[in-house]
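Here the structure is laid out as C-alpha cells; the discussion comes afterwards.
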Amino acid sequence: MTRIVISGTGFIGRGLALALCQQPRFALTGIYTRRRPSDVEHPTAELLSNDLSHCLSDCDILVECSGDVLRACDVIDAAHQRNIPVVTMNSEFHVTVGSAFLDSGYLTEAEGDQPGCLAALHRRVTAMGFEPVVLGNIKGFLNHTPTAEDMKMWSQKQGISLDQVTAFTDGTKIQIEQAFVANGLGANILQDGLAGPSSDQLQDAAKLLAQRAEQEQCAPISDYVLNAGGPPGVFIVARHEQAQQPLLQYLKLGEGPFYFLLQPFHLCHLEILHTLDAVVAEAKPLLNNSRTPTVGVVAVAKQPIHAGDTLERAIGSFTLRGEARMFCEHEKYVPIGLLQHVTFTHDIPAGAAVEWQHVTLPHSRALILFRQLLDKSIQ
C-alpha cells in the first residue's frame, strides 16, 4: 500500500482526500496545512497537521496542491531532501520556479487540471502519429476586472475560494496554465496575453488558431478559445500524414488537413489517481516546466496602484492579473507568482505591467530560485 501525504486543504486537497479513502491501493497518512487544524473544515480532519517533518516521515508520495508558490517551494524542497517523489496540481508553482526543482528529485504535474490533461492527450495523439499544431484550453467566460461583489457570490455558489474564482474569471489562471503547457510541451505563444479568440464554434476557432500558427511559422502553439457554454476540457489541433486522410475522414475527423481532437472534461482530483499509479509504476514525469522555460507570466495592474500600497497575494486579487509573455521579459517584469506580501514603491497605472523596481519583495526561497533561473536564461 502506497502512503500519500497531501499539502493543501482547498477544493483539490479535500476532493483527493475523499478519493484516496476509497482506494485500497493507497493510504492517506497525513495532510499538511499551515492553518490551525481546528479552523479547517475537512472530511479527514483527524489527519491535519502543521508538522511537515512528521507528515513526510510516513510518506511514499507527496501531492502538493496548495496553489501557493512560496509554500510549495518549501514543501517540495523538504520532500526532495527525503527522496520523496512529488506530484503536483499547482501550475502557479511550476510556471514560476518549478524548473529549479527538476534536478533535485522526481516532480510531475498530475492529470486532472488542464495542463496535465493536455499533456496526457498529447502523449496519446503523438503516439498515434499526429503532429500537434495547437495545444488548446477552453474558457467559458472572461472578465479582466470582475467586481468583488460578483466574485463573492460565485465563490459561495461554487464552493471554492474567492481568490480562485477571481483568478479563473480575470484570465490569470488560463494564462498561467497555457504558459506552463508551452514550456512543458515545447510550444510557442502567438502574442502577449495569448490570442484567445472568442467564438461559439469551438472547432472552427481552434482550426483558425492552427492556420495562424502555421502562417506565422511558430507551430505548435499553446493557446485557448473563449467558448461560452463549451465543454470543460482541452483540445489539440493536429496534422497527420496525407495517406491517412481518407481513413480519418471515415472515422469522422473531417477532411483535414487539421484534425480537432477533444477531451470534453477534466476531473481534477479524481484524475490525480492516474498519476499516482504512474509514479508507483516508475513512469516518467507527465509534465514539468522544462529546464529552460521560454514563457512566463507577468503581473498587469487592473486598477491604478499607488506607492505605499501593499498586497497579500497577486494571483486572484482585485489589483493584478496575469498575462503570458516571453520569459526573457522577466528581466524587467516580475512574475505574478512571486508577488506575495509585497509593498509597491511606485505608482503604476492601470494596464501597466509590474516592474522589479516597482515593488519590495520579501526574502523567500522562491525569489532566490527564480533569480537563478533568470540569470541562467540570459547568460
Side-chain angles (χ1 to χ4, degrees), residues 3-22 26-82 84 86-93 96-97 110 112-113 148 151-168 172-173 268-269 272 310-319 336-343 361-367:
R3 301 168 299 171
I4 308 296
V5 166
I6 299 172
S7 171
T9 56
F11 177 88
I12 301 299
R14 296 193 307 270
L16 178 60
L18 286 171
L20 287 170
C21 290
Q22 301 300 316
F26 297 117
L28 179 59
T29 57
I31 302 168
Y32 175 62
T33 178
R34 289 187 177 176
R35 293 188 286 167
R36 188 164 59 183
S38 60
D39 293 341
V40 181
E41 291 187 16
H42 201 281
T44 54
E46 69 278 5
L47 295 175
L48 293 169
S49 174
N50 298 135
D51 190 337
L52 178 60
S53 180
H54 175 73
C55 288
L56 295 180
S57 69
D58 190 23
C59 175
D60 296 313
I61 303 174
L62 171 73
V63 179
E64 211 300 318
C65 54
S66 67
D68 186 301
V69 175
L70 273 59
R71 166 181 166 166
C73 280
D74 295 336
V75 171
I76 293 171
D77 179 57
H80 279 179
Q81 287 186 27
R82 293 172 180 253
I84 296 171
V86 178
V87 171
T88 61
M89 191 160 284
N90 193 338
S91 299
E92 297 87 345
F93 157 77
T96 309
V97 291
D113 219 353
M151 294 299 94
K152 288 176 182 176
M153 182 271 290
W154 282 108
S155 173
Q156 294 172 356
K157 183 175 181 178
Q158 296 179 339
I160 59 177
S161 67
L162 178 62
D163 61 339
Q164 284 181 311
V165 173
T166 306
F168 297 160
T172 297
K173 184 68 170 177
C268 294
H269 60 287
I272 294 177
T310 60
L311 184 64
E312 187 71 15
R313 174 181 160 93
I315 296 174
S317 71
F318 295 98
T319 304
I336 192 170
L338 287 182
L339 290 171
Q340 293 182 227
H341 319 297
V342 299
T343 299
L361 294 171
H363 175 79
S364 68
R365 179 169 177 76
L367 178 59

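Just so you know, residue 1 is the first one in the sequence shown, and it goes up from there.
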At their closest point, which heavy atom of Tyr32 faces which heavy atom of Arg71, and how far apart are they?
O-NH2, 2.9 Å
Does a side-chain heavy-atom distance below 4.5 Å link Ile76 with Thr88?
yes
Indicate the atoms forming the closest heavy-atom contact of Ser7 with Glu64, along with that distance.
OG-OE2, 3.1 Å
The side-chain hydrogen bond (donor to acceptor under 3.5 Å, both in side chains) partners of Arg3 (sequence neighbours excluded) come to Asp58, Asp60
Between Cys55 and Val5, the two heavy atoms sitting closest are O-CG2, 3.4 Å
Which atom names give the shortest non-hydrogen contact between Cys268 and Ile12, and what distance separates them?
CB-CD1, 3.5 Å
Donor-acceptor pair, side chain of Ser155 and main chain of Lys152, under 3.5 angstrom
no
Could you check whether any side-chain N or O of Asn50 sits under 3.5 Å from a backbone N or O of Thr33, counting only pairs where one atom can act as donor and the other as acceptor?
yes
Verify whether one side chain among Glu312 and Thr310 offers a donor that lies under 3.5 Å from an acceptor in the other.
no
Residue list, salt bridge (charged side-chain N to carboxylate O under 4.0 Å, His left out) with Arg36, at least two apart or on another chain
Asp39
Closest non-hydrogen atom pair, Ala78 against Leu52
CB-CD2, 3.8 Å
Side-chain donor-acceptor pair present, Asp163, Ser161, cut-off under 3.5 Å:
yes
Does a donor on one side chain and an acceptor on the other come within less than 3.5 Å for Thr9 and Arg34?
no
Applying side chain to side chain contact (heavy atoms under 4.5 Å, CB included) to Leu18 and His269, what does each step give before you reach the verdict?
CA-CA 9 Å; Leu18 286 171; His269 60 287; over 6 Å; no
Yes or no on side chain to side chain contact (heavy atoms under 4.5 Å, CB included) for Leu339 and Leu361, after CA distance, side-chain angles and deciding distance?
CA-CA 7 Å; Leu339 290 171; Leu361 294 171; 3.8 Å; yes
How about CZ on Phe11, more than 12 heavy atoms from neighbouring residues, nucleotides or ligands closer than 6.0 Å, or not?
no
Show the nearest heavy-atom pair for residues Ala17 and His42, with the distance to one decimal.
CB-CE1, 3.6 Å
Option among Val87, Ile6, Asn90 that satisfies the side chain to side chain contact (heavy atoms under 4.5 Å, CB included) test with Cys65:
Ile6
